[in-house]
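In what follows, a structure is listed as C-alpha cells, so that the remarks can point back to it.
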2 protein chains.
Amino acid sequence: MAARAGSGTVVAGRSTKDAIRDAAVQLFSTKGFEQSSLREVADAVGITKASLYYHYASKVDLLIAIIEPMFDDHRALVEKLDEIPHSPQSVREVLTEHVHSMLSHRTIGVLCMRDTVAIVNALGNRYPDMMEMHRRMCQWLAGPGADEETTLRAAAAMQVLGAALMSKESVPDASEELIERVLLDAALSVLEPAR
Amino acid sequence: MAARAGSGTVVAGRSTKDAIRDAAVQLFSTKGFEQSSLREVADAVGITKASLYYHYASKVDLLIAIIEPMFDDHRALVEKLDEIPHSPQSVREVLTEHVHSMLSHRTIGVLCMRDTVAIVNALGNRYPDMMEMHRRMCQWLAGPGADEETTLRAAAAMQVLGAALMSKESVPDASEELIERVLLDAALSVLEPAR
DNA sequence: GTCTATATACCGATAGAC
DNA sequence: GTCTATCGGTATATAGAC
C-alpha cells in the first residue's frame, strides 16, 4: 500500500488499518465509543464504512485492537500479584511497574478513564475478568486483612496513578520521568496513614 | 396509584417524575447514559416511553435533572475561588468543602466518573463551562505560578477526591466521616513534595 | 397522565460490482 | 481494497385517543 493522492489520506509507511485505529482512538477519546459511529471514523480516514469493515470485522473488534495492548499489560501485572508478598518494597515496585505501564499507553488514557462504562459494556463478555482486575490490584495494595481506611487509601492511590493516563491533558509537556517520579511518590504518601 | 390534589400522581409518597429520575440514575450508572434507552427507563418505572415524555421533554432534560444539583454545587465552589487567597489553610478548607459536596452526591458518583465523555457530549452545549471548572479547580489548587510537578500534584489530589464518588464501590459500609477524613488527609499529602 | 401507533433518522453490518 | 446500495434493528421524539 503506497501513499495516494486525491481524497485518500494514507501516509507512506502507515497502513490503512493503522490509520483507522489512530482515527478511532482520536474520535473515541473525544466523543466516546458509543457516540462515535463507524461512518465518522471512516470519514476521518477518507474511506467508506464498508471499506472499514474489510479491515475490522466489527466495531468491537476495532475497540479491542485499541484497548488490548494496555489490557494485556495490566493483566500480566495483576496475575503476578498472588506470588508477591506484601511489603513496603514490593508495594513500591508494583506501583512503579503499574505507573510505567500506564504511561506507555497514554494515548488511550482519556478513553479508558472517561468512557469506562461503554468499554466494559462492549468488552465485558469478551473479557470477563476486566472488572475484577482493578479490584484485585486494590486489594493487594491494601494488604491482607486491611481495614476500611487502608482499603480506601489503596483505592485513592490507584486513583493517583490514574492521573498518569490523563497527564496529556493536565501537564502536556511534562516528561515521563517527572510524571513517574511524582505520581509514585504521591501514591506512596496516600497509602501512609496521617502523620 | 393514588391521585393527589394538584398536579402529579403519587405512588407511595413519591411522584412519577422522581421515580423516573431514580430509575434513570440506576440504569445510567450501570449501563451508561447513551447505552440506556428511554424505553428501558420507562419499563423500570412501569410506564411507557410516551408517558415518560410527559414528565421530561427529552433524554437530555432527564440527564440534567440528575446531574444539575451536583453541577451547581461544584460551580458555586469554583466561582468562589478567585476571591480566596492560596494558603495551606484555605487549601484545606476548599478541599474539605469539595469532598463534602462530592459525598453528598455519591449516588450519581459512578455515573459522573465512569461515563464522563457521554455526559459532556450530551450537556456540553448547555453547560459550556463544564470542562473548564475542573481545570480552574486544579489551577487554583496548584497555586499561582505553579511548575509542572505542582500542577501534576494538584491533578492527582483531585483524583484522590474523586475516590469519594466511587466509595460506594470501594468501601460500601464506610461512614462519610471516615471517608472525608481519610481522603482529605490523602489529598493534602499528595500536594506536598517528596519528603 | 397514560396509552397505542407512528414518523424520522441513524446505527452496525452485509452483498456484490469493480 | 474500495466502492454503492441496502437490510434489519432500534433510537428519540411526536400525534392523538382515552
Side-chain angles (χ1 to χ4, degrees), chain A residues 1-21 23-24 27-28 31-66 115 117-119 121-123 125-126, chain B residues 1-21 23-24 27-28 31-66 115 117-119 121-123 125-126:
Chain A
M1 168 59 97
R4 292 160 46 129
S7 62
T9 53
V10 175
V11 179
R14 194 161 122 261
S15 68
T16 302
K17 189 163 185 169
D18 289 345
I20 293 171
R21 179 177 40 68
L27 242 145
F28 293 173
K31 293 194 51 177
F33 174 69
E34 289 285 347
Q35 290 74 37
S36 309
S37 72
L38 294 183
R39 198 182 84 73
E40 289 173 301
V41 176
D43 284 353
V45 180
I47 58 173
T48 63
K49 193 173 53 169
S51 298
L52 192 153
Y53 271 97
Y54 174 83
H55 298 280
Y56 294 95
S58 70
K59 194 184 184 187
V60 167
D61 268 28
L62 175 54
L63 179 62
I64 289 176
I66 292 170
D115 208 24
V117 182
I119 292 171
N121 244 277
L123 302 185
N125 298 334
R126 196 102 51 150
Chain B
M1 186 179 305
R4 214 178 51 174
S7 61
T9 302
V10 170
V11 182
R14 211 182 52 170
S15 69
T16 301
K17 189 162 185 169
D18 289 346
I20 292 170
R21 179 178 41 68
L27 244 151
F28 293 173
K31 293 195 51 178
F33 173 69
E34 288 287 345
Q35 289 74 38
S36 308
S37 71
L38 293 184
R39 197 183 82 75
E40 289 173 301
V41 177
D43 284 353
V45 179
I47 60 174
T48 64
K49 195 173 50 169
S51 299
L52 192 154
Y53 271 97
Y54 174 82
H55 297 279
Y56 294 94
S58 71
K59 194 185 183 186
V60 166
D61 268 28
L62 175 55
L63 179 62
I64 288 176
I66 292 170
D115 209 23
V117 184
I119 292 171
N121 241 269
L123 303 185
N125 298 334
R126 195 102 50 148

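First the proteins, then the strands, lettered A, B, ... as listed; each starts at 1. Below, each value reflects all heavy atoms present in this structure, side chains not excepted, and no hydrogens, waters or symmetry copies.
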### Query
In whole angstroms, how far is the C1' atom of D/dT12 from the CG atom of B/Asp61?
13 Å
### Query
Just to confirm, is there a sub-4.0 Å distance from OP1 or OP2 of D/dA11 to any side-chain nitrogen or oxygen of B/Ser36?
no
### Query
To the nearest 0.5 Å, how far apart are CG in A/Asn121 and CD in B/Glu34?
12.5 Å
### Message
Please pick, from D/dC3, C/dT2, D/dG1, the nucleotide with the shortest atom-to-atom distance to any side-chain atom of B/Ser51.
### Response
C/dT2
#### Entry: Separation of B/Ile47 CD1 from B/Tyr54 OH (nearest 0.5 Å)
11.5 Å
### Query
OH of B/Tyr56 versus P of D/dT14: gap in Å, rounded?
17 Å
### side chain to side chain contact (heavy atoms under 4.5 Å, CB included) involving B/Ala122 - partner list, sequence neighbours excluded
B/Phe33, B/Val60, B/Leu63
### Which residues share a side chain to side chain donor-acceptor pair (under 3.5 Å) with B/Lys59, sequence neighbours left out
none
#### Entry: Letter per nucleotide, 5' to 3', of nucleotides 13-18 of chain C [B base touched, S only sugar-phosphate touched, - untouched; heavy atoms, 4.0 Å]
BBB---
### Atom-to-atom span, CZ of B/Arg39 to P of C/dT6 - whole angstrom
17 Å
### Task
Report the nucleotide, chosen from D/dA11, C/dC11, D/dC3, that has the shortest atom-to-atom distance to any side-chain atom of A/Thr48.
D/dC3
### B/Leu52 CG to C/dT2 P, straight-line distance once rounded to whole Å
10 Å
### Message
Could you measure the distance from the OH atom of A/Tyr56 to the CD1 atom of A/Ile64? Nearest 0.5 Å is fine.
### Response
11.5 Å
### Query
To the nearest Å, how far apart are A/Ile47 CD1 and D/dC3 P?
7 Å
### Message
Rounded to whole Å, please give me the gap between CD in B/Gln35 and P in C/dC11.
### Response
15 Å
### Summary of salt bridge (charged side-chain N to carboxylate O under 4.0 Å, His left out) pairs that have at least one residue in residues 36-55 of chain B, sequence neighbours excluded
B/Lys31-B/Glu40, B/Arg39-B/Asp43
### Task
Quickly work out the A/Tyr54 OH to D/dG1 C1' distance and round it to whole Å.
6 Å
### A/Phe28 and A/Asp115: CA distance, side-chain angles, deciding distance, side-chain contact (heavy atoms from CB on, under 4.5 Å) verdict
CA-CA 9 Å; A/Phe28 293 173; A/Asp115 208 24; 5.8 Å; no
### Summary
When rounded to whole Å, the CG to P distance for the pair A/Asp43 and D/dT4 reads 11 Å
